[in-house]
Amino acid sequence: MEQMLGDKFSLKADLIIGIGDLSNLTGVSARQLRYWEEKKYIESVTDGKSSARKYKFEMFYKVRAIKLLLDEGLTLAKAAEQAEQQRQKVEICKKFVNAVFTDVVIEDPEKVLGKIMMGYLDEDQKRKVVGIVAEGRSYIEVQTKK
DNA sequence: TTTCTTACA
DNA sequence: TGTAAGGA
């Protein structure tokens, strides 16, 4: 029977990295990272013990996004705003996936294609909603059981 | 060695 | 933003 996927879709990237690593990983200087934090564009976790900044690994994605937008010519303020919106959109998608996706069936391991079970439209479970991920085309269909 | 803050170019 | 200075 179909089961709730739950945490299978939410990777717990609870890795903590220092400012040096984050800088090397993103190509953004430590000076910039401290400044961005001061401007509230990014945040670090305070472990209380040392005054050294520590960052959750998710911050790597945000810093990378800001840098990419910055390289495209956006101002720091605009880049940070867009990066935050992108992050929020991804978060909303994750919530949706975790709440609605019931199971993911792999049908073609080679091409990574399959179907996504998304529950039923009615109580008597006669109309099943399935997301089809096929080659070059993906869509949602309602499979009706007689 | 690495990171921190402050201050100046 | 980069860099120097002087401490953790």
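Here is how names work: the chains are called A, B, and so on, in the same order as the sequence lines, proteins then strands, and each is numbered from 1.
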> Given atom CZ of A/Arg34 and atom C1' of C/dT1, what is their separation to the nearest angstrom?
Replying inline: 12 Å

> Considering every strand shown, what is the Watson-Crick or G-U wobble mate of B/dT1 when both distances are under 3.5 Å?
Replying inline: none

>> Below 30° counts as parallel, above 60° as perpendicular, anything between as tilted: where do the rings of A/Phe57 and A/Tyr61 land?
In response: perpendicular

>> Between the base of C/dT3 and the side chain of A/Arg31, is there a donor and acceptor pair under 3.5 angstrom?
In response: yes

>> Less than 4.0 angstrom from a charged side-chain N to a carboxylate O is my criterion; do A/Lys126 and A/Asp122 meet it?
In response: no

> Given atom OH of A/Tyr55 and atom P of B/dT2, what is their separation to the nearest angstrom?
Replying inline: 16 Å

> What's the CD1-C1' distance between A/Ile19 and B/dC4, to the nearest Å?
Replying inline: 9 Å

> Roughly how many Å is it from OH in A/Tyr35 to C1' in B/dC4, rounded to a whole number?
Replying inline: 19 Å

> Any side-chain N or O of A/Arg53 less than 4.0 Å from the OP1 or OP2 oxygen of B/dC4?
Replying inline: yes

> Is it true that A/Arg87 and A/Glu91 make a salt bridge, defined as a side-chain N closer than 4.0 Å to a carboxylate O?
Replying inline: yes

> Taking NZ from A/Lys39 and C1' from C/dT1, how many angstroms apart are they, rounded to a whole number?
Replying inline: 14 Å

> Taking the side chain from A/Asp103 and the backbone from A/Ile116, do they hold a donor-acceptor pair closer than 3.5 Å?
Replying inline: no

>> Applying a 4.0 Å non-hydrogen cut-off, can you work out what A/Ser29 is touching in the nucleic acid: base, sugar-phosphate, or nothing?
In response: sugar-phosphate

>> In this structure, how many angstroms lie between the C1' atom of B/dT3 and the CG atom of A/Leu33, rounded?
In response: 12 Å

>> If I take atom CD1 in residue A/Ile17 and atom P in nucleotide B/dT3, what distance separates them, rounded to the nearest angstrom?
In response: 11 Å

> Nearest-Å distance, CD (A/Gln32) to C1' (B/dC4)?
Replying inline: 17 Å

